[in-house]
K.L.:
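This structure is in structure tokens; I'll ask about it shortly.
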Amino acid sequence: MLNTVIVGASGYAGAELAALVQNHPQLQLTGLYVSAGSQDANKSLSALYPQLLGKVDLPLQPLDEAALAAIPAQAEIVLLATAHEVSAALAPGLLAQGVTVFDLSGAFRVQQEGFYEQYYGFSHEAPEWLDQAVYGLAEWNAEKIPAAQLIAVAGCYPTASLTALKPLMAKGLIAAGSQPIISAVSGVSGAGRKAAINTSFCEVSLSPYGTFTHRHQPEIGHHLGCPVLFQPHLGNFVRGILATIYVQLAEGVTPEQVDAAYHEAYAGKPLVRLAKGMPSIRGVAGTPYCDVAWQQQGNTLVVFSAIDNLLKGAASHAIQCINIKFGFEAGCGLL
């Protein structure tokens, strides 16, 4: 059993992580932490999430200096479900003491000069770990994850988008010089648990945001290997992401080549389902799957990708990376 600690456990992704770790046959949940000044400190997790009553009743401990110093003795694995700046500050100290860190924030996802100043608004203080971090896109980096001490779990929109696009890029099917267009809608849980008027459920309407400026656009382009145009939308539902992606194919690419690219990429990978019908939020909510489908007309391909943003887009994707890192079955604790 691998002892596991979650930092940032009171948030939506943190609570999902706690439930998944508790149910995992190879993991032992040994600590839940929140920021020292959090109003949730010293409450039990099940007091915040009643569905966890009798399942995860551990207290949410305040992460002061003493608690932080004690974590390496408590755990082989630390899951950071924290803000980007917090992860960037916490990870190096934990890593220096030999802990394996799975970070759900964007703090270590992109190794590109000036990226964090431009898109995250802070100067990265651990560039040496940026160079060593492995991007946690489980189906595509399974060979690199086992050797890594720091795994930067892929973002929610990037997971949906890259899972749909990388089989095409790997086979050279995307037209040279073209720019895939991604139109994606996320439920309001993607904005986190902190109260804000623009994400209050009664105020939310289907609306676009972040045009040309969303930090996931360069993350997707960086890990795909070509620029993309990414337009996110906020949907008036709780959880899930549905991405509709428009791709210009190279001249002469046949439907048979497209089908073969997807089936070859995801053969034996149980957490990506190649759907016969159209993917939907309902079809993936509460599950660890990414559902992908596509339709082609001439050189134009439309790809549809659906995930639960809190699971395949965050918590279950992190568990999948743990499974890869430590040699467990891909769906261990998830299926």
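Here the structure is a predicted model, which is why all the values come from computation and not from measurement.
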K.L.:
Check this for me: Gln112, atom CD, are more than 12 non-hydrogen atoms of other residues, nucleotides or ligands nearer than 6.0 Å?
P.N.:
yes
K.L.:
Could you pull out the closest heavy-atom pair between Gly283 and Asp291, with the gap in Å?
P.N.:
O-OD2, 4.2 Å
K.L.:
Say whether, by atom type as modelled, one donor and one acceptor occur between the side chain of Thr287 and the main chain of Val284 under 3.5 angstrom.
P.N.:
yes
K.L.:
Show every donor-acceptor pair shorter than 3.5 Å between a side-chain atom in residues 182-196 and any protein atom, with sequence neighbours excluded, or say none if there are none.
P.N.:
unit_1 : atom_1 : unit_2 : atom_2 : d
Ser189 : OG     : Val238 : O      : 2.7
Ser189 : OG     : Asn309 : ND2    : 3.1
Arg193 : NH1    : Asp40  : OD2    : 2.9

K.L.:
Looking only at atom types and distance, does a side-chain atom of His124 sit under 3.5 Å from a main-chain N or O of Ala107, one as donor and one as acceptor?
P.N.:
yes
K.L.:
If you draw a 6.0 Å radius around CD in Glu117, do more than 12 non-hydrogen atoms from other residues or ligands fall strictly inside?
P.N.:
yes
K.L.:
Using only heavy-atom distances, determine whether the side chains of Asn299 and Glu251 contain a donor-acceptor pair under 3.5 Å.
P.N.:
yes
K.L.:
Compile the donor-acceptor pairs under 3.5 Å between side chains in residues 54-62 and protein atoms, sequence neighbours left out, one pair per line.
P.N.:
unit_1 : atom_1 : unit_2 : atom_2 : d
Asp57  : OD1    : Ser46  : OG     : 2.6
Asp57  : OD1    : Gly54  : N      : 3.2
Asp57  : OD2    : Gly54  : N      : 3.1

K.L.:
Sequence neighbours left out, cut at 3.5 Å: what donor-acceptor pairs do the side chains of residues 141-152 make with other protein atoms?
P.N.:
unit_1 : atom_1 : unit_2 : atom_2 : d
Asn141 : ND2    : Tyr135 : O      : 2.7
Gln149 : NE2    : Leu95  : O      : 2.8
Gln149 : NE2    : Val99  : O      : 2.8

K.L.:
Can you tell me how far the CG atom of Leu173 sits from the CG atom of Leu165, to the nearest 0.5 Å?
P.N.:
11.5 Å
K.L.:
Just by modelled atom types, is the Gly298 backbone N or O under 3.5 Å from a matching donor or acceptor in the Gln296 side chain?
P.N.:
yes
K.L.:
Under 6.0 Å from the NZ atom of Lys269, do we count more than 12 heavy atoms belonging to anything else shown?
P.N.:
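Atom NZ in Lys269 is crowded, with more than 12 foreign heavy atoms closer than 6.0 Å.
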K.L.:
Can you name the closest pair of heavy atoms from Leu45 and Ala18 and give their distance?
P.N.:
CD2-CB, 3.5 Å
K.L.:
Is a donor on one side and an acceptor on the other found under 3.5 Å between the side chain of Glu219 and the backbone of Gly155?
P.N.:
yes
K.L.:
Checking the side chain of His84 only, and the main-chain atoms of Ser105 only, is there a donor and an acceptor separated by less than 3.5 Å?
P.N.:
no
K.L.:
Quick one: pull up CD1 in Ile322 and NE2 in His24 and give me the separation to the nearest 0.5 Å.
P.N.:
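The NE2 atom of His24 is 7.0 Å from CD1 of Ile322, to the nearest 0.5 Å.
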K.L.:
According to a hydrophobic-cluster definition based on side-chain heavy atoms being under 4.5 Å apart (Ile, Leu, Val, Met, Phe, Trp, Tyr only), do Phe326 and Ile6 belong together?
P.N.:
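Yes, same cluster.
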K.L.:
Do Leu274 and Leu242 share a hydrophobic cluster (ILVMFWY, side-chain heavy atoms under 4.5 Å, transitive)?
P.N.:
no
K.L.:
Side chains of Val247 and Thr300: closer than 4.5 Å at any heavy-atom pair?
P.N.:
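A side-chain contact under 4.5 Å is absent here.
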K.L.:
Check this for me: Gln39, atom CD, are more than 12 non-hydrogen atoms of other residues, nucleotides or ligands nearer than 6.0 Å?
P.N.:
no
K.L.:
If Ile, Leu, Val, Met, Phe, Trp and Tyr residues are connected whenever their side-chain heavy atoms lie under 4.5 Å apart, and connections chain through other members, are Ile241 and Leu311 in the same group?
P.N.:
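Cluster IDs for Ile241 and Leu311 differ.
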K.L.:
Could you give the distance from OG (Ser205) to CG (Asn198), rounded to the nearest 0.5 Å?
P.N.:
13.0 Å
K.L.:
Could you label the plane-to-plane angle of the Phe115 and Tyr119 rings as parallel, tilted or perpendicular, counting under 30° as parallel and over 60° as perpendicular?
P.N.:
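It falls in the tilted class, 30° to 60°.
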K.L.:
With no hydrogens and no angle check, just 3.5 Å: does a side-chain donor-acceptor pair link Thr211 and Gln231?
P.N.:
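The answer is yes; a qualifying pair exists.
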K.L.:
Between His223 (side chain) and Arg109 (backbone), is there a donor-acceptor pair under 3.5 Å?
P.N.:
yes
K.L.:
Could you check whether atom CD of Glu125 has more than 12 heavy atoms from other residues, nucleotides or ligands sitting under 6.0 Å from it?
P.N.:
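Not more than 12 within 6.0 Å, no.
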K.L.:
Quick one: closest heavy-atom pair of Gly286 and Arg239, and the distance?
P.N.:
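Closest heavy-atom pair between Gly286 and Arg239: N-NE, 4.2 Å.
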K.L.:
Using ring-ring contact (aromatic ring centres under 6.0 Å, His included), reason through Tyr262 and Trp294 one step at a time and then give a plain yes or no.
P.N.:
CA-CA 10 Å; Tyr262 281 108; Trp294 57 92; 4.2 Å; yes
K.L.:
Under a 3.5 Å cutoff, is there a donor and acceptor pairing between the side chains of Ser87 and Thr82?
P.N.:
yes
K.L.:
To the nearest 0.5 angstrom, please state how far the CD1 atom of Ile71 sits from the OG1 atom of Thr30.
P.N.:
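Between atom CD1 of Ile71 and atom OG1 of Thr30 there are 9.0 Å.
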K.L.:
Where does the angle between the aromatic ring planes of Tyr49 and Tyr12 fall among parallel (under 30°), tilted (30 to 60°) and perpendicular (over 60°)?
P.N.:
perpendicular
K.L.:
Determine yes or no for a side-chain-to-main-chain donor-acceptor pair under 3.5 angstrom, with His214 supplying the side chain and Phe230 the backbone.
P.N.:
no
K.L.:
Please report the closest heavy-atom contact between Ala275 and Ala293, naming both atoms and the distance.
P.N.:
O-CB, 3.8 Å
K.L.:
Just wondering, more than 12 heavy atoms not from Glu113 lying within 6.0 Å of its CD?
P.N.:
no
K.L.:
May I have the step-by-step check of salt bridge (Lys or Arg N to Asp or Glu O under 4.0 Å) for Lys166 and Glu139, ending in yes or no?
P.N.:
CA-CA 10 Å; Lys166 283 186 76 70; Glu139 278 77 19; over 6 Å; no
K.L.:
May I ask you to decide if the ring planes of Tyr157 and Tyr209 are parallel, tilted or perpendicular, using 30° and 60° as cut-offs?
P.N.:
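It falls in the tilted class, 30° to 60°.
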K.L.:
Are the side chain of Glu76 and the backbone N or O of Leu2 linked by a donor-acceptor pair below 3.5 Å?
P.N.:
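Checking the backbone N and O of Leu2 against the side chain of Glu76, no donor-acceptor pair under 3.5 Å is found.
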K.L.:
Measure the NE2-OG1 distance between His216 and Thr159 for me, rounded to the nearest 0.5 Å.
P.N.:
8.5 Å
K.L.:
Examine Phe328 and Leu271 and state if one hydrophobic cluster contains both, with Ile, Leu, Val, Met, Phe, Trp and Tyr joined whenever side-chain heavy atoms are less than 4.5 Å apart.
P.N.:
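Yes; tracing contacts between hydrophobic side chains, which count when under 4.5 Å, links both residues.
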K.L.:
Has the side chain of Ser38 got a donor or acceptor atom that lies under 3.5 Å from a matching backbone atom of Val34?
P.N.:
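No, the answer is negative, given that no donor and acceptor are paired below the 3.5 Å cut-off.
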K.L.:
If Ile, Leu, Val, Met, Phe, Trp and Tyr residues are connected whenever their side-chain heavy atoms lie under 4.5 Å apart, and connections chain through other members, are Phe102 and Leu137 in the same group?
P.N.:
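The answer is no; the residues belong to distinct hydrophobic clusters.
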K.L.:
Ignoring hydrogens, what is the shortest heavy-atom contact between Val21 and Gln28? Give both atom names and the distance.
P.N.:
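That would be CG1-C, 4.4 Å.
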K.L.:
Establish, from distance only, whether the side-chain atoms of Gln179 and Gln248 form a donor-acceptor pair under 3.5 Å.
P.N.:
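No - no donor-acceptor pair under 3.5 Å links their side chains.
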K.L.:
Is the backbone of Ala285 close enough, under 3.5 Å, to the side chain of Asp308 for a donor and an acceptor to pair up by distance?
P.N.:
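No, because the side chain of Asp308 does not come within donor-acceptor range (under 3.5 Å) of the backbone of Ala285.
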K.L.:
Where do Leu168 and Ile174 come nearest, in terms of heavy atoms and distance?
P.N.:
CB-CG1, 3.8 Å
